[in-house]
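Here's the structure, in structure tokens; my notes come after.
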Amino acid sequence: MASAEQSPVTLQHHNLCSRVILLTRKIRSDVASLLESYVERQGLDRTISLDLVDGVPGAAVEQGGELTVAERLGANLQAYRAFQALLGEVLEQQRSHLTPLDTDFHASIQSVLLQVAALAYQLEELLALLGHGRPAWEAAGPEDPGRRSFFEMKLRGLKVLQELAHWTVRSVRDLRQVVKHSQGSGTAHGGQAQKE
Amino acid sequence: MLLLDSPGNTECPGYLVTSLTLSSITLYMANTNNTGCGSTVLSCVFLTGNPAVISPQDPTLVIGSSLTAACSVNSDLHLKAEDLYWTLNGRRLPPESYKVLNGTTLSVALANLNGSRQQSGDNLVCHSRDGSILAGSCLYVGLPPEKPVNITCWSKNMKDLTCKWAPGTEGETYLHTNYTLKYKLRWYGRDNTCQEYRTAGQYSCHIPKDLALFTPYEIWVEASNRLGVAVSEVVMLDILDVVTTDPPADVTVSRVGDLEDQLSVRWSSPPALKDFLFQAKYQIQYRVEDSSEWKVVDDVGNQTSCRLAGLRPGTVYFVQVRCNPFGIYGSKKAGIWSDWSNPTAASTPRSDRVPGVCDPKSGEQNTTLRRELKQFFGWVKKHAYGCSNLSIKLYDQWRVWLQKSHKTRNQVGKDPSPIPYISVPRGRWAGSSGVRCPPPASPRPARRSRVSRSTRLPPSGGCCCSTVRSPLPPWEPLSMALKGHLACCSARPGARFHQPQ
């Protein structure tokens, strides 16, 4: 009954949210498998302490209750843009230094990388549909990987995958909030100023 | 004197510095076999932002060598050397191997190192007492490459060249080893490097174009890893001598009329070589559906059809054909066999007799055989004038005649018309199924029957390849008897049960 009252824009927004959630779940599943093969190939333990590794966006939400829809989606978008760059770095390090012969493994990283790029694109679309501007790419680029030791590269790759896995969990939760919010407000627009 | 080492160091081959980071400058010595080098660590570490630094960082070592590594903690952390411990690939190393070098530096001695457990290097990690990672270093332990051996090359239709090789007698180096295939025209060419690797297996490379004919190439492979370089012997070859081709196209397998133990195989010669002067020879292999064992017929010669004989009735056979183009532009080399064609399947017609419960009693069988032999020799007397005309063709004709006489008489349970031709690519097949009991009484000679066109042998260029098989088909006793008779009549001693070519 509620869906009968939805405007075409709301419906479009709902559909796009569903697609984003679907893709996020797929990434989560793929990253879980990739993590398994990653720790095996690097000779690492999944419980290894990664406190030393910085520069990877963490999924922990400090002010979850106070974020607007735009802030929520913007944070997701920025995170996946960062992961796009970080996964590219990880892939290059594996190809060039750590596992140069393991082309299947490289292909599995590449696959996740492509999905993350697609997810970032879909989040941009969602922001635009909701009437929010697309946040600019953050200027801070990746560090020069040539400065890192091989062991640091391994740890960094593990941290990237672990945090990506955490982000996919957070994103599904965030997107559900966005859907709920838009249904509650009855329109896809106007979420920018509203607090949840 | 300070000596900054590099992979090119020849004084101490096991003495390598693979990185020089902003956080430390390290000079170290790792003992390798029989080099006379010590195993002392000389570290000159300038800590910056990292909590600790391991030296050497990411070293490469020969299997069996020893290593002493040092972990220097940033003094700002207020950690003592005694607070640290080491792990290798996640396993804690025994404290007996540690040595406190100064208040903030702990070393560990590793002896007789094994090859690296993973391609990405073994993880040597320095931890604080609570288990946190302070620093890590990847160890690459392996062997220098060996000379690649057994270089073999082939050219598909003279358009390209693919070579493969073996990595050496020992094989495993535990280190990422790069292989580079190089080639040049023998007398006046310059070195070229192959670009497309792993096209025909792990150790292979493909040169897709720009190859010259009638001039030999020199081909060799260079292997290199972190511990050295090895170059293979040079192989010399002319493209014309290593030509192979595509598998024969259009392979069809069909029944030979109602003959229960034969199938006819036909194929086309490789079209890619039609403009070249060459000869071709072919091989056929076939197997029954429920077996993985192929039987090879290697006396097919240069014909493009062949009749397989001695097959089991009512059985599905998979057939493949391959081609060897040789003598291209007069080349004296043997040529290289193509891949086998995709399997083509067909079934032989079912026998009128089903072995087992439906078989007549053994006494009846003997009687039947005797009667059939009598019929056959009577028929031969009537239709063949002397042994010189006796051939498998005649025998086939007689069998068709006999089968037709059975069918005429036994109308019960008669099959629809036999499938004249079956050809199903890629292992699929079509055919009838089900069994039928033979008639209760032995066959009686009927009037002379005409031989259908489909049972005739190929007009020319065919061959008939008889094979040993088991269990015996219904006609086997008669075939064996006939074989003996043919052997007596044959002009060639030891002649096989073959269609004359």
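Proteins come first, then strands; the chains are lettered A, B, ... in the order of their sequence lines, and each starts at number 1.
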Q | Steps toward side chain to side chain contact (heavy atoms under 4.5 Å, CB included) verdict (B:D58, A:M153) | A | CA-CA 12 Å; B:D58 305 332; A:M153 290 178 191; over 6 Å; no

Shortest non-hydrogen contact from [X] to [Y]?
X: A:S149; Y: B:G136; result: OG-O, 4.1 Å
X: A:F150; Y: B:R226; result: CE1-NH2, 3.5 Å
X: B:S120; Y: A:Q42; result: OG-CA, 3.4 Å

Q: Output yes when a side-chain donor or acceptor of A:K154 lies under 3.5 Å from a complementary backbone atom of B:C138, and no otherwise.
A: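 No, A:K154 side chain to B:C138 backbone: no donor-acceptor pair under 3.5 Å.
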
Q. Got a second to check how far A:D45's CG is from B:N123's CG, nearest 0.5 Å?
A.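 Between A:D45 CG and B:N123 CG, I get 11.0 Å after rounding to 0.5 Å.
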
Q. What part of A:L50 is in contact with chain B, defined as an atom under 4.5 angstrom from a non-hydrogen atom: side chain, backbone, both or neither?
A.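 Contact with chain B: none, neither part.
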
**Q.** Contact class of A:E152 relative to chain B, heavy atoms under 4.5 angstrom
**A.**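 For A:E152, the side chain is the part near chain B, not the backbone.
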
Q) With sequence neighbours left out, which residue pairs that include part of residues 99-134 of chain B fulfil the ring-ring contact (aromatic ring centres under 6.0 Å, His included) condition? A)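 Every pair satisfying ring-ring contact (aromatic ring centres under 6.0 Å, His included) with a residue in residues 99-134 of chain B: B:Y85-B:H127.
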
Q: Sort out for me which of A:L101, A:T99, A:T103 touches chain B most, counting heavy-atom pairs under 4.5 Å.
A: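 Highest number of heavy-atom pairs under 4.5 Å: A:L101.
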
Q.
Atom NZ of residue position B:K164 - does it have more than 12 heavy atoms of other residues, nucleotides or ligands inside 6.0 Å?
A.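 No, the 6.0 Å shell around NZ holds no more than 12 heavy atoms from other groups.
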
Q.
Looking at chain A, which one of B:Q118, B:Q119, B:R117 has the largest number of heavy-atom pairs inside 4.5 Å, strictly under?
A.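 Maximum pair count with chain A is reached by B:Q119.
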
Q: Indicate yes or no: at least one non-hydrogen side-chain atom of A:F151 is less than 4.5 angstrom from one of B:I54.
A: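 Sidechains of B:I54 and A:F151: no contact.
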
Q. Considering only heavy atoms, which portion of B:L124 lies under 4.5 Å from any heavy atom of chain A: side chain, backbone, both, or neither?
A.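 Contact with chain A involves no heavy atom of B:L124 at all.
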
